[in-house]
Each structure stands twice: as structure tokens, then as C-alpha cells.
Amino acid sequence: MIKIQNFIDGVYKDAVENNWLDNYNPANGTVYSMIADSDDKDVELAYQAANKAYPNWKVSHLEDRFKILNRIAELIDLNNDALAEAESIDQGKPKWLAKNEIKRAAQNFRFFATAAMQFSNESHHNEGFSINYTLRQSIGVVGCISPWNLPLYLFTWKIAPALATGNCVVAKPSEITPMTAFLLGKICNEAGLPTGVLNIVHGLGPKVGNALVSHPKIKAISFTGGTATGKHIASIAAPMFKKLSLELGGKNPNIIFASCDLQKAVKTSVESSFLNQGEICLCGSRILIEKSIYNQFKIAFIEEVKKLKIGNPLNDENRMGAIVSKMHFDKVLSYIELAKQEGGEILLGGESIKGNGDNANGWFIQPTIIENLSHECRTNQEEIFGPVVTLTPFDTEDEAVMISNSTPYGLACSLWTNDLTQAHRVAERLESGIIWINCWLVRDLRTPFGGVKQSGVGREGGWEAMRFFTEAKNVCVKL
Ligand code: NAD
């Protein structure tokens, strides 16, 4: 059985205590590999390796850093098929989708390699009096922790800017989907990344993740995951005065105004509801529809969703694969039960389904559409993070904004309207870090990415990420 080992100082190693966790294939429910169950001793080894590599890496020539990070991108691209297959088996997502995400992981390295070459510092001149200039210096050894839904994409989204700015990294992928992070170590060695610059430790969040966050010498933590975990991490890191970036959960609205292009709104809403089995933090799980087109949208949406095929993620015909873990599968089904108790009417789906042949014991759930729920009920307030959406009618723009803003979250929102002024007016009023007008998941890596309220603190992407992974120092000269 494959052993998913730690990657420390350029070498694959078992955890010091030689303990192992089971790694499951969600499409058939079987254990197919073993994960190093690391603890604080492994974090210490990773920290020591990173700290040893730091003095050379931080002063490495920008062009050398650019070439190495670009080479990592090229190797990810060259291995796209193998990495996508590994991601699909580990996470349950369709392989065709994993291929796109692996491409995006390569883009992360390419984008931040280029950013390193373009990043510049400000100067402030007060004529005849003073010149101030800002040095943006690497921080040292930083920690990156990522979730299970877009495994390699979100892992590299943090690691690439951290490395581009001259830091050394101790990174921890999710214990639920560690495979592609494991494979990344070999790629980094092949690309010529100096040993110790990137170290990857595997294992449980409350054990090895906690050790990483608590390590006194790891000076910044970039975390993507659930809001409750983010709160816990902040409670440890804040009193230690660590720099902290938190990308957390969401309960995103998808607002359909009567003036929209209905066909486009329906087509994209199918994606924004059920892509990756609804396991994307940006999915629009609350669909709010202007009353005058409610029935029209509902009928067309149900018709489109009925066409989605679910099953073996390695079969390209399937648009949806398996739910990532048994625990998450049970959680999503429990929310469907809750919705029924809260008076929700299931319009489509609502059940788990049995896969064919080898996938008979996989964790599959039908795409589920629910209506008749108040916007204040738990189903409409709590993050489900699965293939479950609710439909809610509204009368006025004010009501749509009120319902949108009524949850503790504020990550992303889509709105559909052909009224230009309405689009900008509503975008301004929504409490959300990201607004998509007449689209969803259209990404430009230069834009600030992150949420408000309980969806997070800080922004990733573009210069925001480069600034997070550097410390600004003001140098003042009196003229
Ligand atoms: P999670 O919070 O359970 O785990 C995320 C990571 O944190 C994992 O690597 C886990 O091992 C680690 N972790 C858990 N407990 C820890 C602790 N005490 N100390 C340190 N590390 C710990 O989240 P998840 O279930 O893996 O991911 C799903 C969540 O992530 C959803 O809420 C989703 O919305 C969110 N998410 C947010 C974004 C975003 O950009 N805002 C993107 C993707 C996913």
C-alpha cells in the first residue's frame, strides 16, 4: 500500500513516531493508502530544515527563484494527467474537473514566479524635507494549511507566493486529501528547489496542524478551511503575534433578478450549485429568485439539474463524483433531514445513491433542490458544503439584499440582471468579499480574494498575497 510520507529537507520520511492513518477512496469507500500521522516532533524537524534553508533562499537572485518556480509549474503541467487521476481518486471529484484544477495549480506557480520579478516597493518623497522608502522583506519560516476540497490548487495558492517572496515553508495539506501534496515534493526536487525550502507534513489537524500553528518560531500562518477551525487557530496565533490570513467558510447567495438572461442564469447556476459536488467554498447554495420569474426559473433549473450524471469520477461522462468522506457524506445527508424538519420541500434529489460495480460502496449524493424554507432557518444559515441548494423567492431589491446579507458569512455572491445600474447598486450593498455579475467563478489571479464577517480575515491573490508574505519596513531619510 502507498505510504504518504512527510517531505522534509528534500527527503521523504515516515513520521518520527511511525504512526499511520488510513486514506480512503471516496468513490468506493476503501482504504487505498496510508498517511503519516505526524506530531510536534515532525513539525520541529520541518522547521529546522526550513530555517537552515532560509538564509540562502531569501537572498537568492529573483531570476533564479523565477526559473525554479516556473519549472515547478512546467512539471505540474507535464504530469497533469497523473496528478489529476491521483486527485480524483483521493477527493472523489471527476477527473475532467481535476485536470482543470491541476492546470490552475501550475498557474499559481507561474503567476507568483512572475509576480516576484515585478513586485516593487513604494517610496514617499516630501520635497525638501524627507524621503521614506519601504522595504518589503521576507518573514522567515511560514506555515501554510489547506483544506480538502481543491487540494493541490489551494495548497499551491499559498505556497507559491510564500516561496516567491523568499520565505521557507512548512505546509500541511488536509489529512482527507493528502495525495497530490505528497507528489508535489518529488516535482520540487526535480525542479531544483533547494532542499528545506518547502517542507510538507501530513496528519491530523488538531495534532500536527496545531503543532504548526503553535510553533514559536513559525512567524506567519496562512490558513484555508472551516470557520470553527479558523477561530481556534486565531486563538493560538493571535497571542503569539503571528501574521495571520484566514480564508474560511461561506453560505453564498446567487441572486436572480427578473431582467436577467434566464437561459444563461440557469446554465451557470447548475455549475455554481453542483460543481465538485457543491464542495467549493464559492458555490452559491442559496438561490434567491425574483417572484415574477420564480416558477419559470425553478422549472428550467430542475430540468437542467436532472441531466447531471453522477458516478465513477474516473468516467468523463459523469458530471458529479463522490462526497469526499463518510463523515462529510453523513453531514450532508443530516442537513437534508434538517431541511425536511424545517418544512422544506425536496424538489429534486434528497437521497444518497449507490454507484455501479466497483463504486457500489462509494459516497454519492443526488443533486438536491429544496424550496419553502425561511431565509432564517438553519438550512439557509449554516454551511452545508455539498450538493444541496435552496430556492427562495423575493419581491424587491431591498429584500434580496437583506436576505443575502442575513448570514454570518460573506465570501462570494453572484447576481444576474441585465439592468446595469441595478448590478452596480446591488454589488455595492452586498456584504461579500467577491461579487460576480452575470457569471460565476471567473477568476483573475491579480484580484483580492477573501471574505468578510465569518468568511475570513485578510486577502489572498496578486499583490495582497505578496504583501502578506512580507514585512514592510519604513526607512526614513531627512533631507
Ligand atoms: P477544516 O477547517 O476542517 O480543515 C482545514 C485544514 O485545517 C486541514 O488541513 C486540517 O487538517 C487543518 N486543521 C484542522 N484543525 C486544525 C487545528 N486545530 N490546528 C491547525 N490546523 C487544523 O476544513 P475542511 O473541512 O478541510 O475544508 C472545508 C472548509 O474550508 C469549508 O468551510 C470551506 O468553506 C472552507 N474553504 C474556504 C475557502 C476560502 O477560500 N475561503 C476555500 C476552500 C474551502
Side-chain angles (χ1 to χ4, degrees), residues 21 23 35-40 43 90-91 93 101 104 108 143-159 170-178 181 200-215 218 221-237 240 242 244-252 275-285 323-325 327-329 331-332 335 382-386 407-412 432-434 441 443 447-461 464-465:
L21 302 163
N23 191 28
I35 315 165
D37 178 9
S38 313
D39 61 21
D40 54 347
V43 170
D90 213 28
Q91 207 274 345
K93 66 178 73 235
E101 285 173 23
R104 289 175 65 191
N108 286 340
C144 299
I145 302 177
S146 59
W148 50 254
N149 62 325
L150 311 173
L152 193 65
Y153 175 69
L154 287 175
F155 196 59
T156 55
W157 178 236
K158 297 181 176 305
I159 290 169
V170 179
K172 193 199 100 56
S174 170
E175 61 273 36
I176 300 169
T177 55
I200 301 169
V201 288
H202 294 277
L204 299 169
K207 197 165 153 185
V208 68
N210 209 63
L212 206 169
V213 174
S214 315
H215 194 287
I218 294 179
I221 299 291
S222 175
F223 170 79
T224 299
T227 294
T229 315
K231 192 172 170 183
H232 174 76
I233 287 176
S235 75
I236 297 175
M240 297 175 84
K242 291 183 191 232
L244 201 52
S245 168
L246 300 172
E247 299 292 338
L248 310 176
K251 187 72 182 176
N252 309 309
L275 193 72
N276 203 38
Q277 302 72 248
E279 296 165 334
I280 301 181
C281 56
L282 305 165
C283 277
S285 55
I323 299 295
V324 72
S325 66
M327 203 169 98
H328 195 56
F329 171 83
K331 177 188 155 181
V332 174
Y335 268 101
E382 297 174 15
E383 187 183 42
I384 300 174
F385 212 51
T407 76
Y409 296 104
L411 186 56
S432 178
I434 301 156
L441 207 59
R443 292 279 293 121
T447 57
F449 180 93
V452 299
K453 303 197 284 188
Q454 293 187 20
S455 288
V457 179
R459 293 292 179 272
E460 297 187 328
E464 303 277 348

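Start at 1 and go down the list; that is how both ligands and their atoms are numbered.
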All heavy atoms of Leu204 vs all of Glu175, minimum pair found to be CA-OE2, 3.7 Å
Please determine if Glu383 has a nitrogen or oxygen closer than 3.5 Å to a nitrogen or oxygen of ligand 1.
yes
For Asn149, take its heavy atoms, then give the atoms of ligand 1 lying under 4.0 Å from any of them.
43 (C), 44 (C)
Ranking Pro147, Ala211, Ser235 by closest non-hydrogen atom to atom 27 (O) of ligand 1, top hit is Pro147
May I ask you to identify the nearest protein heavy atom to atom 35 (C) of ligand 1, giving residue, atom name and distance to one decimal place in Å?
Gly225 O, 3.2 Å
Looking only at heavy atoms, which two atoms of Glu279 and His328 are closest? And how far apart?
OE2-CD2, 3.6 Å
Specify side chain, backbone, both or neither for Ile233, according to which of its non-hydrogen atoms lie closer than 4.0 Å to ligand 1.
side chain
Quick check for you: to the nearest 0.5 Å, what is the distance between Leu21 atom CG and Ile35 atom CD1?
5.5 Å
Looking at Thr229, which atoms of ligand 1 are within less than 4.0 Å of one of its heavy atoms?
1 (P), 2 (O), 3 (O), 13 (N), 14 (C), 15 (N), 16 (C), 22 (C)
On a heavy-atom basis, the closest approach of Arg443 and Tyr153 is NH2-OH, 4.3 Å
Might you point out which heavy atoms bring Ser325 and Ile176 nearest each other, and give the distance in Å?
CB-CG2, 4.3 Å
Side-chain H-bond candidate by donor/acceptor type, Asn23 with Asp90, under 3.5 Å:
yes
Going by the order shown, which atoms of ligand 1 are within less than 4.0 Å of some heavy atom of Asn210?
18 (N), 19 (N), 20 (C)
Gly205, Gly203, Gly230: member with heavy atom nearest to atom 16 (C) of ligand 1:
Gly205
What protein heavy atom lies closest to atom 39 (C) of ligand 1? Include the residue and the distance to one decimal.
Cys281 SG, 3.5 Å
Could you check if a side-chain atom of Leu150 sits within less than 4.5 angstrom of a side-chain atom of Lys93, using non-hydrogen atoms only?
yes
Is it true that atom NZ of Lys231 has more than 12 heavy atoms of other residues, nucleotides or ligands lying nearer than 6.0 Å?
no
Closest protein heavy atom (residue, atom, distance) for atom 7 (O) of ligand 1
Phe223 CE1, 3.1 Å
So which heavy atom in the protein is nearest atom 21 (N) of ligand 1, and how far is it from that ligand atom?
Gly209 CA, 3.7 Å
Identify the two heavy atoms, one from Ala181 and one from His202, that lie closest to each other, and give their separation to 0.1 Å.
CB-CE1, 4.5 Å
So is Ser146 in contact with ligand 1, going by heavy-atom distances below 4.0 Å?
yes
Proximity winner for atom 12 (C) of ligand 1, if only heavy atoms of Leu248, Leu154, Ile145 are counted:
Ile145
Look up atom 4 (O) of ligand 1 and tell me if a protein heavy atom lies less than 4.0 Å from it?
no
Residues in side chain to side chain contact (heavy atoms under 4.5 Å, CB included) contact with Ser146, at least two apart in sequence or another chain
Phe155, Pro173
Do Ser432 side-chain atoms and Leu411 backbone N/O form a donor-acceptor pair below 3.5 Å?
yes
Shortest protein heavy-atom distance from atom 23 (O) of ligand 1, along with the residue and atom involved:
Gly226 N, 3.3 Å
Across all chains, not counting sequence neighbours, the salt bridge (charged side-chain N to carboxylate O under 4.0 Å, His left out) partners of Glu247 are none
Identify, by atom number and element, the atoms of ligand 1 in contact range of Trp148, meaning under 4.0 Å from any of its heavy atoms.
24 (P), 25 (O), 26 (O), 27 (O)
Ligand 1 to Glu175, heavy atom cutoff 4.0 Å, flagged ligand atoms 10 (C), 11 (O)
Say whether, by atom type as modelled, one donor and one acceptor occur between the side chain of Ser222 and the main chain of Lys158 under 3.5 angstrom.
no
Which of the numbered atoms in ligand 1 are under 4.0 angstrom from any heavy atom belonging to Pro173?
9 (O)
Looking at ligand 1, is there an atom of it that comes within less than 4.0 Å of some heavy atom belonging to Gly456?
no
Note: ligand 1 atoms sitting under 4.0 Å from heavy atoms of His232 are 18 (N)
Nearest non-hydrogen contact to atom 33 (C) of ligand 1 from the set Phe449, Phe385, Tyr409 belongs to Phe385
Going by the order shown, which atoms of ligand 1 are within less than 4.0 Å of some heavy atom of Leu411?
41 (N)
